[in-house]
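A short worksheet on the structure shown next.
Since we're looking at a predicted model, the values are computed, not measured. Order of appearance sets the numbers: ligands from 1, and atoms from 1 within every ligand.
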Amino acid sequence: MKIGIVCYPTFGGSGVLATELGMALSAKGHEVHFITYNQPVRLHFHPNVYYHEVTVPTYPLFDFPPYETALTSTMVNVINNNNLDLLHVHYAIPHASAAYFARQILKKAGKDIPYITTLHGTDITLVGKDQTYAPVVTFSINESDAITAVSDNLKEETYKYFNIEKEIIVIPNFVDTDRFQHSNKEHFKKMLAPNGERILAHVSNFRKVKRAEDVVTMFAKVHEQVPSKLLMIGDGPERQNIEEYCRTLNICNDIRFLGKQEQVDEILSITDLFVLPSQYESFGLSALEAMACGVPVISTNAGGLAEINVQGVTGYMSNVGDTDDMAAHAIEILSNDNKLQTFKANAIAHAKTFSRQRVIPLYEQLYDNVLANYKATV
Ligand code: GMT
């Protein structure tokens, strides 16, 4: 099959998932064409993978260069030149409406191509439902030949906020358990925690929705009772404020801000506890990747997190903002070696239920169904 994938190329979960999906499909023999404005961060060379960059020519008249127009035109060209069978767009804004427009342009020229929209999170729960975007988002989701959501929770949220006339199919996110597994990186651990301190980690794009300041607040409480270090991985709008906050708490020496990291699996291999105190997560891919590396998770119970973090088994969940509860659970796990080992083993076992091998066939089956229905109706 020849598949076009449209996504954000950044460290965000939707781009990561789309890239991992494309790479996995290419390894299974499909020809995959990524269409986006930068090379996706997790994209590696494979003979079946193509990358088409969307460039947006500027002009003095444009205060806002028209990315969506450039994206749509690139989609049309790539589909025509490579004879693609279907388009799979990740994150509705603006990818679903660009796909709809591309499909209409191609129809005029006698070529029909279906598009599938995968909803990831804030394209629905924050940005998408804003009235500035909602009419276009609703229309272009409804026009999709199939709609998928990454969790049951996101499916429910989508039905709650949008007038969706079609079935939303839940295909959960997956993790590459060949790459995300515990590996021996003791030399790193010794450098970061020379006295055998426990290591806690947080990975995010430091947007407000991640509540990364709660990581620091809960860490300060844990740190009082358990010798520990905190690794803050990623970058984004709140990072400066949070660094400033650490300075006011006087625990800077035990917190490292590592910025954006590509080898996050190596860092997770030296981590004892992953912390994700988000206001909302449709899924929480970063937590799943941590679990696959044998790291228990302290998270909130918001959104779809309960679909991956099993209370008292793979970690614990607390109400949003309840950093006392998060710290109490963290201390419980970290101060007992046997308990920590049990949680680690449970995390690995549960992550395997979201393995690439289990989830990719669900997408392949969907592609087959969409193509079969599409050919039958056009
Ligand atoms: O919606 C976003 O915040 C962006 C998106 C991304 O690109 O990082 O994250 C969402 O999609 C991920 C992959 O499906 C999910 O694991 C994240 O939970 C989800 N983020 C939110 O819902 C806040």
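Remark: ligand 1 atoms within the under-4.0 Å shell around heavy atoms of Gly12 are 6 (C), 7 (O), 8 (O). Atoms of ligand 1 lying under 4.0 Å from any heavy atom of Tyr91, numbered from 1 in the order shown and given with element: 1 (O), 4 (C). Interface atoms of ligand 1 facing Val150, defined by a heavy-atom separation under 4.0 Å, are 14 (O).
Polar contact with ligand 1: present for Ser14 (N/O pair, distance under 3.5 Å). The shortest N or O to N or O distance between Leu17 and ligand 1 is not under 3.5 Å. For a threshold of 3.5 Å applied to N or O pairs, the pair formed by Thr125 and ligand 1 contains no separation below that value. Distances between N or O atoms of Val209 and those of ligand 1 include no value under 3.5 Å. Residue Gly284 places at least one N or O, backbone or side chain, under 3.5 Å from an N or O of ligand 1.
Checked against the 6.0 Å centroid criterion, the rings of Tyr115 and His95 do not qualify as a close aromatic pair. For Phe219 and His202, the ring centers are positioned 6.0 Å apart or more. Ring centroids of Tyr91 and His120 are separated by 6.0 Å or more, keeping the two rings apart.
Ranking protein heavy atoms by distance to atom 18 (O) of ligand 1, first place goes to Glu281 OE1, 2.5 Å. In this structure, the protein non-hydrogen atom closest to atom 15 (C) of ligand 1 is Ser282 OG, 3.6 Å. For atom 16 (O) of ligand 1, the nearest protein heavy atom (residue, atom name, distance) is Leu285 N, 2.9 Å. The nearest protein atom to atom 8 (O) of ligand 1, hydrogens excluded, is given as Gly13 N, 2.5 Å; this is a heavy-atom distance. The nearest protein atom to atom 14 (O) of ligand 1, hydrogens excluded, is given as His120 ND1, 2.6 Å; this is a heavy-atom distance. Among protein heavy atoms, the minimum distance from atom 2 (C) of ligand 1 is reached at Thr122 OG1, 2.9 Å.
Under 4.0 Å is where a charged nitrogen must lie from a carboxylate oxygen, and between Glu364 and Arg358 no such pair does. Here Asp272 pairs with Lys189 in a salt bridge; the nearest charged N to carboxylate O distance falls below 4.0 Å.
Side chains of Asn301 and Asn319: a donor-acceptor N/O pair is present below 3.5 angstrom, by distance only.
Listed by chain and residue number, nothing satisfies the salt bridge (Lys or Arg N to Asp or Glu O under 4.0 Å) test with Lys166 (two or more places apart in sequence, or in another chain).
Residues Phe101 and Glu68 have side chains not in contact (no heavy-atom distance under 4.5 Å, counting atoms from C-beta outward). Contact check for Asn346 versus Met291: no side-chain heavy atoms found under the 4.5 Å cut-off.
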Mind running ring pair (Phe, Tyr, Trp, His ring centres under 6.0 Å) on His90 and His88 for me, showing each step along the way? CA-CA 7 Å; His90 292 259; His88 186 175; 4.1 Å; yes
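Ligand 1 has no atom lying under 4.0 Å from any heavy atom of Phe11. The shell of residues lying under 4.0 angstrom from ligand 1, judged by heavy atoms, includes Tyr280. Look at Arg207 and you'll find a heavy atom under 4.0 Å from some atom of ligand 1.
Lys129 forms a cation-pi arrangement with Tyr161, by the criterion of a distance under 6.0 Å to the ring centre and an angle within 45° of the ring axis.
With a heavy-atom cut-off of 4.0 Å, Asn173 touches ligand 1 through its side chain alone.
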